[in-house]
Amino acid sequence: MNKKFVVLPIAATMLAASIAGCSKASNEPSESTAPTSNTAESTAPATKDPVTLNIRLFGTENGMYRDVDPVIKEFEKRTKDTLNTTLNLTFTPPADYGPKHELWIASGEDIDLFNPWSKDKFARDGALADLSEYFNNPKYPGLQKAFSEEYINDNKMNGKLYAIPLTNAFMDMEGVWYRKDLLTKYGMKDISSYDDLYNFLEKVKENEKDMNPFGNYGNTAFFKLFTDINAQQLEGNVFPFIGGSNPKKNFVYVQIANDGKSVAGVAAYGDPASEWANINPKYGLDYLMNQFNQAKRFNEFIPADTLTNTTGTGKPVAAGYGTLNGFTGEEAKQKALDPNAELGFWPIFKNNQEMTPGTQSTDGKAWNFIAIPASSKKIDRAMEFLDWIFSSQENNDLFTYGIEGKNWGPVGDNQWKIPDGVDPTKNYAFPAFELTWNPNFHRIPAGLPEQIQHYYEYQFKPDTYKKNVLAGFTFDQEPVKNEIAKCSTVMDKYLPFLLSGFGDVNDNLSKMNKDLKASGVEKIKEELKNQINAFLAQKQ
């Protein structure tokens with residue numbers, strides 16, 4: 001999910017809502033079918049012609065979405081006399097969504113809203129509608145209020161808005177969740193360092209023979225542990241590149257000069273120390289080696305089958321990588337396995353631990369987007385639907401949390417909870433990051449530990465964030481797309497070993513570097529350097 005996904009970064013096709021009318025084959029606003037009159041009594045909002053919007057999202061049933069049809073029907077009921085819009089919503093499993101959505105767009109399939117994983121490519125190919133005119137536009141007051149001019153501009157491509165940015169915060173705090181009840185059992189203090197984490201995992205390994213101390217995160221057990229991207233970018237002016245949707249696949253580091261006017265150094269994984277000489281070692285070579293060496297140190301605590309991303313021998317785990325938004329879900333999962341489970345959360349980045357203002361690096365870009373194909377005949381109607389979603393907290397809540405009183409209830413001004421007696425495993429679920437997330441609309445789960453609540457509040461504060469020196473830069477990968485594809489394959493081969501601590505670090509890096517060079521990494525480095533220098537020059 002933008003992961004952002006972070007979402008990162010989501011299921012079998014669900015039954016579409018029944019179609020209640022035909023769509024107008026026009027991109028112009030639909031004219032009212034209500035009778036006209038010159039009398040003063042004719043002040044009711046005009047009802048639009050019926051239209052069906054075909055929406056494609058990604059997800060797995062009972063994984064990312066559940067019991068969505070009643071909410072769709074509730075929306076249609078509420079807006080029958082205004083929008084008069086039927087939603088034909090289809091989910092596709094994430095494993096299939098990428099290739100399928102490429103085919104949908106290439107074939108001109110009848111789609112009105114979808115999540116554009118390949119948005120840059122689609123935009124270059126002219127496959128996406130430019131939606132700039134719908135924002136900062138009083139005709140769409142919901143969109144005007146919810147999306148600031150700066151937010152929209154940060155997410156434009158070549159001056160046009162081809163995909164609507166969806167995020168409620170420019171981070172999902174990353175860290176380690178851990179079994180706090182076990183920590184108490186061993187008489188240990190809350191985790192606040194990697195040494196604390198190591199000592200806890202060691203105790204689990206010694207005393208809990210039926211548990212894996214640390215769970216695998218896919219086939220790269222530690223993922224972002226042992227790194228600090230915010231300090232790296234804001235303090236060090238060092239930026240990792242080329243990972244695409246998976247930041248751990250970044251294999252090129254770029255150092256921006258202290259004056260912010262040019263690239264001072266570029267190096268790739270496994271390059272000799274001489275090529276890292278112009279990159280601040282605290283956030284360059286030393287930083288990288290510490291990450292991999294720490295993974296090696298912690299390797300004894302992860303499942304033996306991590307590299308194959310299987311079941312972890314079926315054992316429960318005492319800790320794992322997680323995000324703040326995933327905390328309540330992880331807590332429910334652990335309590336289902338052990339009713340005595342109590343979870344704690346330790347942020348792995350220093351600024352998050354201290355909740356310091358102005359220390360969360362951002363380029364203002366969202367992690368997730370929704371777009372409209374240029375071929376859609378219902379662009380205005382689709383935008384009116386989105387305007388409705390972002391017009392009020394009540395409208396936004398409907399799709400985000402479900403039907404109030406049935407699926408959820410408000411607590412105070414900005415919290416929410418599942419009603420008593422409702423089974424969370426059967427309750428409404430929806431991947432809000434694909435449709436409804438926005439900085440103006442967010443709620444915090446009720447009943448959280450006080451510290452977790454403070455973390456949520458921190459990541460929703462605007463003054464938490466600071467634009468980094470490369471905010472506004474987008475690497476155009478087209479000139480080196482073949483080389484990037486080849487290098488990505490190399491990363492898939494070696495990264496699981498490095499991020500999970502298997503094998504010799506230097507040997508893996510050496511082999512990786514040889515394969516990266518054979519795949520064209522030097523061309524990528526040069527293209528990246530040239531594009532960044534051109535970007536920095538035009539900023540002056």
Side-chain angles (χ1 to χ4, degrees), residues 1 3 5-12 59-68 93-94 172-186 190-191 200-201 203-205 207-218 221 223 301-303 305-306 309-346 400-402 406-409 411 415-433 443-449 451-453 455-456:
M1 340 349 188
K3 193 45 161 59
F5 192 169
V6 109
V7 25
L8 186 121
I10 353 184
T60 50
E61 190 167 17
N62 294 317
M64 292 183 61
Y65 75 89
R66 185 188 308 110
D67 199 26
V68 175
D172 185 1
M173 191 179 290
E174 297 173 271
V176 172
W177 65 265
Y178 58 90
R179 286 282 298 272
K180 192 171 182 176
D181 57 300
L182 294 180
L183 199 75
T184 302
K185 175 181 176 180
Y186 306 140
D190 285 352
I191 292 171
F200 169 65
L201 298 179
K203 283 287 187 182
V204 173
K205 184 178 180 181
N207 296 287
E208 309 292 336
K209 301 302 182 183
D210 62 340
M211 299 187 78
N212 281 314
F214 197 89
N216 55 303
Y217 187 80
F223 198 49
F301 302 126
I302 64 176
D305 56 7
T306 291
N309 188 19
T310 48
T311 62
T313 64
K315 294 182 178 180
V317 297
Y321 167 85
T323 66
L324 193 62
N325 279 318
F327 180 81
T328 53
E330 188 61 50
E331 187 175 49
K333 175 183 174 183
Q334 294 303 319
K335 282 186 176 294
L337 296 172
D338 183 350
N340 296 316
E342 180 186 357
L343 262 57
F345 184 82
W346 174 58
T400 303
Y401 304 108
K406 174 187 174 183
N407 303 121
W408 74 285
V411 178
Q415 298 186 22
W416 73 282
K417 71 171 186 176
I418 295 175
D420 294 340
V422 175
D423 185 349
T425 65
K426 297 178 181 178
N427 194 29
Y428 172 81
F430 187 82
F433 64 89
R443 292 183 182 274
I444 297 172
L448 290 172
Q451 188 63 42
I452 300 295
Q453 184 172 329
Y455 290 149
Y456 266 106

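Since this is a predicted model, take the numbers as computed values, not measurements. Below, each value reflects all heavy atoms present in this structure, side chains not excepted, and no hydrogens, waters or symmetry copies.
- Distance check, rounded to the nearest 0.5 Å: CG of N212 to CG of L201 gives 11.0 Å.
- Two residues are said to be in side-chain contact when any heavy atoms from C-beta on lie closer than 4.5 Å; N216 and F214 fail this criterion.
- Not counting sequence neighbours, the partners of N407 by the side-chain hydrogen bond (donor to acceptor under 3.5 Å, both in side chains) test are N427.
- Between K180 and D190, at least one side-chain nitrogen of the basic residue sits less than 4.0 Å from a carboxylate oxygen of the acidic one, meeting the salt-bridge criterion.
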Checklist entry - So Y455 and I444, side-chain contact (heavy atoms from CB on, under 4.5 Å) or not? Walk me through it. => result CA-CA 10 Å; Y455 290 149; I444 297 172; over 6 Å; no
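- Aromatic ring pairs are classed by plane angle as parallel below 30°, tilted from 30° to 60° and perpendicular above 60°; the pair F327 and F345 is perpendicular.
- Closest approach of P213 and V204 over heavy atoms only: CA-CG1, 3.9 Å.
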Between side-chain atoms of residues 335-342 and protein atoms elsewhere (two or more places apart, or another chain), which donor-acceptor pairs fall under 3.5 Å?
from: K335; atom 1: NZ; to: A341; atom 2: O; distance (Å): 2.8
from: D338; atom 1: OD1; to: N340; atom 2: N; distance (Å): 2.9
from: D338; atom 1: OD2; to: R179; atom 2: NH2; distance (Å): 3.0

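- Using a 30° and 60° split on the angle between ring planes, Y401 and W408 fall in the tilted class, from 30° to 60°.
- To the nearest 0.5 Å, the span separating NZ on K205 from CZ on F301 amounts to 6.0 Å.
- Between N325 and T323, the side chains place no donor N or O within less than 3.5 Å of an acceptor N or O (distance only, hydrogens not considered).
- Note that CZ of F200 is 6.5 Å distant from OH of Y186, once rounded to the nearest 0.5 Å.
- Between atom CD1 of residue I418 and atom OG1 of residue T328 there is a gap of 8.5 Å, rounded to the nearest 0.5 Å.
- Note that the CG atom of L324 and the CD atom of E330 stand 13.0 Å from one another [nearest 0.5 Å].
- Side-chain N/O atoms of Q415 and Y456 include no donor and acceptor closer than 3.5 Å.
- Atom CG of D67 sits about 5.0 Å away from atom NZ of K406, to the nearest 0.5 Å.
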Item to check | Evaluation steps, side-chain contact (heavy atoms from CB on, under 4.5 Å), between Y428 and V68 | outcome: CA-CA 7 Å; Y428 172 81; V68 175; 4.2 Å; yes
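- Of all the heavy atoms in T400 and A432, the pair that sits closest is CG2-CB, 3.8 Å.
- In this structure a side-chain-to-backbone donor-acceptor pair under 3.5 Å is present from R66 to T425.
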